[in-house]
Amino acid sequence: MSELNWTDVVSAVSAAATPIIVAVFGWMLTRRQSRSDLLLKARIDYYREIIPDLNRLMTYMMFIGPWRDITPLEVISLKRRLDVSFYIAAPLFSPPVTSAYEVFMKQCFVSFGQWGADALIRSSPYRRRVSWKAADPWDPDWGRLFELQEDEAVEAAALKAIRTSYDSLVSALVTDLNINRARGEYTNAHVLENAHGPLKSVEGASASPARNDKDDTPLRPS
């Protein structure tokens with residue numbers, strides 16, 4: 001009889017405990033989901049903050065869009081602003097995002113030069129100087145902000161590397177936003193066409209730059 005009563009007690013306790021256990025697990029899952037939603041929202045907010053500047057940098061490096069109106073000093077300032085914004089947000093993103101960002105920035109800039117010196121833009125001042133369209137005149141001192149000299153061409157391989165690293169960065173960001181159909185490419189053929197074709201370099205002062213009527217073609221993501 002005592003054994004039967006003990007069984008009844010266990011059954012009663014189990015029956016009473018089940019709703020409590022379910023409630024606890026439900027609370028834990030809800031809390032976890034809430035944290036996931038907050039993380040996703042924070043990632044989206046930072047994505048919206050940095051992607052316009054990333055795109056602006058890419059278009060400048062690829063000689064498309066408004067590149068002829070942007071001063072080299074603005075590009076250096078753009079790098080500083082991007083670094084501050086990105087590294088503040090970096091803990092919210094996965095390691096592949098940070099790796100992709102660093103690869104892209106290395107394709108665009110030469111850092112860690114002389115103490116206190118600005119990073120150098122991995123491009124040539126020549127075509128930027130002769131194509132300058134802003135109201136203020138081109139400052140000859142801006143030439144020191146570039147890695148290449150006026151008589152050095154921007155190689156096609158370097159342009160392709162910039163495009164590839166940009167696509168990889170945006171793809172990594174989009175993956176962290178849980179967008180299932182992330183594309184591998186976020187630029188299209190016009191990016192290289194505007195930089196004088198996929199197999200051509202951007203000439204320096206030692207050669208006459210090829211005429212390309214597509215210089216004003218804005219970036220049109222595919």
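Start at 1 with the first residue, then count along the sequence.
- Scanning for side-chain contact (heavy atoms from CB on, under 4.5 Å) contacts around I88 gives Y46, V84, with sequence neighbours left out.
- Residues R81 and L78 form a side-chain contact, since some pair of their non-hydrogen atoms from C-beta on lies under 4.5 Å apart.
- With sequence neighbours excluded, the residues satisfying side-chain contact (heavy atoms from CB on, under 4.5 Å) with A161 are Q107.
- R122 is linked by a salt bridge (Lys or Arg N to Asp or Glu O under 4.0 Å) to E147, counting only residues two or more places apart in sequence or in another chain.
- Listed by chain and residue number, nothing satisfies the side-chain contact (heavy atoms from CB on, under 4.5 Å) test with K106 (two or more places apart in sequence, or in another chain).
- Every residue two or more places apart in sequence or in another chain that forms a ring pair (Phe, Tyr, Trp, His ring centres under 6.0 Å) with F86 is listed here: Y101.
- A heavy-atom distance below 4.5 Å is not found between the side chains of F146 and L120.
- Partner of L40 under the side chain to side chain contact (heavy atoms under 4.5 Å, CB included) criterion, chosen from N178, D45, L92: N178.
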Inset, instruction - Start with the C-alpha distance between Y47 and D176, add both sets of side-chain angles, then the distance that settles side-chain hydrogen bond (donor to acceptor under 3.5 Å, both in side chains), and finish with yes or no. - result: CA-CA 10 Å; Y47 176 86; D176 271 16; over 6 Å; no
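- Residues that satisfy the salt bridge (Lys or Arg N to Asp or Glu O under 4.0 Å) test with D139, not counting sequence neighbours, are absent from this structure.
- The OH atom of Y166 sits 8.0 Å away from the CG atom of L169 when rounded to the nearest 0.5 Å.
- Classification of E155 and K160 as a salt-bridged pair fails, no side-chain N sitting under 4.0 Å from a carboxylate O.
- Counting only heavy atoms from C-beta outward, the side chains of D118 and K79 never approach each other to under 4.5 Å.
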